[in-house]
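Single-structure report; data block below.
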Amino acid sequence: MEQVNAIELKHVTKRFGEVTANDNVSLTLKKGEILSILGENGSGKTTLMNMLSGIYFPDEGEIRINGNAVTIRSPKDSFSLGIGMIHQHFKLINILTAAENIILGLPGEKKIKMPQVVEEINALTRKYGFDLNPMQKIYDMSVSQKQTVEIIKVLYRGADILILDEPTAVLTPHETTKLFQVLKNMKEDGKSIIIITHKLNEVLELSDRISVLRKGTYINTVETKDATVESLTEMMVGEKVSLDIKRTKPTNQKKRIEVCNINCRNKEGLPVLTDASFIAYSGEILGVAGISGSGQKELLESIAGLQKLESGQIFYHTPEETIEDLTKLSADVIKEKGVRLAFVPEDRLGMGLVGSMDLTDNMMIRSYKDGRSFLVDRKKPRKLASKIVEQLKVVTPKLETPVRRLSGGNVQKVLVGREIALNPTVLMVAYPVRGLDINSSYTIYNLLNEEKKKGHAVICVIEDLDVLLELCDRILVLNSGKITGVVDARSTNKEELGLLMTGTGEEKHKDE
Amino acid sequence: MDLLLTFIQKAIGQGIAILFGATGEIVTEKSGNLNLGIPGIMYMGGISGLMGAFFYEKNVANPIPLIGLFISFLMTFIVSALGGFIYSFLTITLRANQNVVGLALTTFGVGFGNFFGGSISKLAGGVGQISVKTTAAAFRASVPVLNKIPIIGDLLFSYGFLTYLAIIISLSMTYFLKHTRKGLNLRAVGEDPATADAAGINVTRYKYSATVMGAAIAGLGGLYFVMEYYGGTWSNNGFGDRGWLAIALVILALWNPNNAIWGSFLFGGLYILYIYLPGLTRATQELCKMLPYLVTIVVLIISSKRNKHESQPPSSLGKAYFREER
């Protein structure tokens, strides 16, 4: 007897104007399995899933759910077919409670019977092993709690097909393990699950089968047991790529940035950095690990002079071996000294680039003060822009294209490329590869490595612990604003970092 | 004592028109639409109710008060809802800038009121000659029996039915927003339409209904002013800046219609305080009239200092929603 598949996509095509996001894609999700969908940025994974969740409508092709051909015109249609999508950016309303978010948009009695709803939610959390207080407001929640709300939201709607778009991107290793356990529980219960992710080792750990997309076209589906990181990468990229980061031994190390006992508070008056001290040396990459919101941003901004300090001092040891106190200088002056910060925010465009301006103009944001003439000089920025486009393989129609029209990965290349081009002595980057695919990520890693070879100090905040371990020389771990350890990246492991990040490890300093 | 009683009565009388406007604006803003056309819509509501009653009384030999009341009420409701509909169509369907449309609508509404006010004044035989005594009397009829109780009767039962309606609407809107599914959905639309959309809520329909309903409620404030406060006549620009006070009251009430009730009484009191303060010159009177706005600013400062999530405006307020934009 043939088993009915949960989802069958047949020859689905979706175009946006002249761009074909999905070209003739066919894939199947069996009942009760976990299927991973792999692909680089812009390979059309999210678009494909959005057609299942009713956000987009396919131009061509057929969708079958549980064996029946269906038309999904809106998110509502998608729910009624039992499909629940958990988006990468949570679709939750901050000022409402978890329970209110869960029942949002559902039909039912006019008056909301909250105690009953809460009981139903608790039943679900018990069944699958979640941990959630239904009456907690979303703004009080951590990222992983919000994700829990999202998952329960679709389960509450009776979904038996779950689609998760990069669920682990923002989770700590510990939270990821917990999530995977829950997903496995759901699979046991007969739910079918699609998971989209960049992280190959997670794919191999969790899923039953893996489908690969490349540039909008379907490549292949393999059984997880037959796949390796190398074979999957090859399928994704289309050619063999070396996944080695060429880490060299740090040479000629000198003190560059010395942070002494800094404290600062956020707008709400809560401490975000407590008594933080560390030293960054020239010619090395210092990684910063921590659960998001542990003070990474504030740490880098303090050095760049963008954060008001309550107490503490930051010293800059110039290449000429003089010492300057950065806390006394304004952000402008610090920048001129060669201390540069490239921060890639969650929405990518929020800081550092102006979306409606073109590449050249965005280069000028950093150089407008150069020169003394009344009119601005557009030649040099234009040259710089074309150099970045060439070097980092930025995909853009032309230099005059507004930055916001570029895809996320390309925007990031422009941002990081610009900061590096200014030849800083201290380069700080936060989330430089956020949401980037493997190829672009490695381009950025190599750029950082080159900076290191030039003898500059590199400080980088990266979410992926595997990358931190491979790329950095030392890793500084932050846990709710406190530095819980500075460890040698060559000798530590993920477990140790995880423990330091969540604060269960002992304080550890391997500073000489 | 008597003076205090009169003051409270007058303060409530001033407040009710503002309360209608504020409640309407809160409902509108909860859908993410910042309708700055409310002051204009209140003018439109006022004049259309008056016109309804005027032509009814003019053409019928023996006008029946209740019918006049019904006609004017209906006229106000329809015309101000129409004002809300114009705003909705421009901002929701055509995605025009909300502030620009709102301000234009206010300019239009005030002109609309003054133009037709002038026209029917002419028909009635001169400025200030409009009189819809019968209908106005129906609007002004206070609660029988209870209004005879000394002090309490004056304080609580000496008003026309619109006063009680305003309070009932505010209370029920608070209940609606807090405890019903539709209210929850509406709040979601105002906070984050994309999320609401993904949850299967029809964002456009909610925005339209809330804005049109809100405008209709606000329009009743104009009707109240013309009928109960003025006693059924018109004077150009007579409604003054009460519409803007209503919008200020939304902020003071922190987007909660229940707060708007006491807030409206406070505003009403502050608005007429200058009459009751002895020894004010012309200039100091004007300073005194600024008090409601001053209070609003103080509340704004305090609430933003406290930084409580619940007392912030709906987060998508003033923004148009495009589904395709990511």
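To find a chain, count down the sequence lines: A is the first, B the second, and so on, and within it residues start at 1.
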Pick one of side chain, backbone, both or neither for [X], based on which atoms fall under 4.5 Å of a heavy atom in chain B.
X	value
A/Ile112	both
A/Ile103	both
A/Lys113	neither

- prompt: Counting heavy atoms not belonging to B/Phe161, are there more than 12 under 6.0 Å from its CZ?
  reply: yes

query: Should we say atom NZ of A/Lys111 is surrounded by more than 12 heavy atoms from elsewhere, each under 6.0 Å from it?
result: yes

- line: Looking only at A/Leu106, A/Asn94, A/Asp77, the option with the highest number of non-hydrogen pairs under 4.5 Å against chain B is A/Leu106

query: What residue in A/Lys76, A/Glu109, A/His87 has the most heavy-atom pairs under 4.5 Å with chain B?
result: A/Glu109

task: Sort out for me which of B/His309, B/Gln312, B/Glu191, B/Arg187 touches chain A most, counting heavy-atom pairs under 4.5 Å.
output: B/His309

- prompt: Strictly under 6.0 Å, is that where the ring centroids of B/Phe89 and B/Tyr208 end up?
  reply: no

field: By salt bridge (Lys or Arg N to Asp or Glu O under 4.0 Å) - contacts of B/Arg242 (at least two apart)
entry: none

task: Let me know which of B/Asn35, B/Thr91, B/Asn33 forms a side-chain hydrogen bond (donor to acceptor under 3.5 Å, both in side chains) with B/Thr211.
output: B/Asn33

field: Residue B/Phe176 versus chain A: region with a heavy atom under 4.5 Å
entry: neither

Trace of the side chain to side chain contact (heavy atoms under 4.5 Å, CB included) decision for A/Met114 with B/His179: CA-CA 9 Å; A/Met114 211 27 104; B/His179 295 289; over 6 Å; no

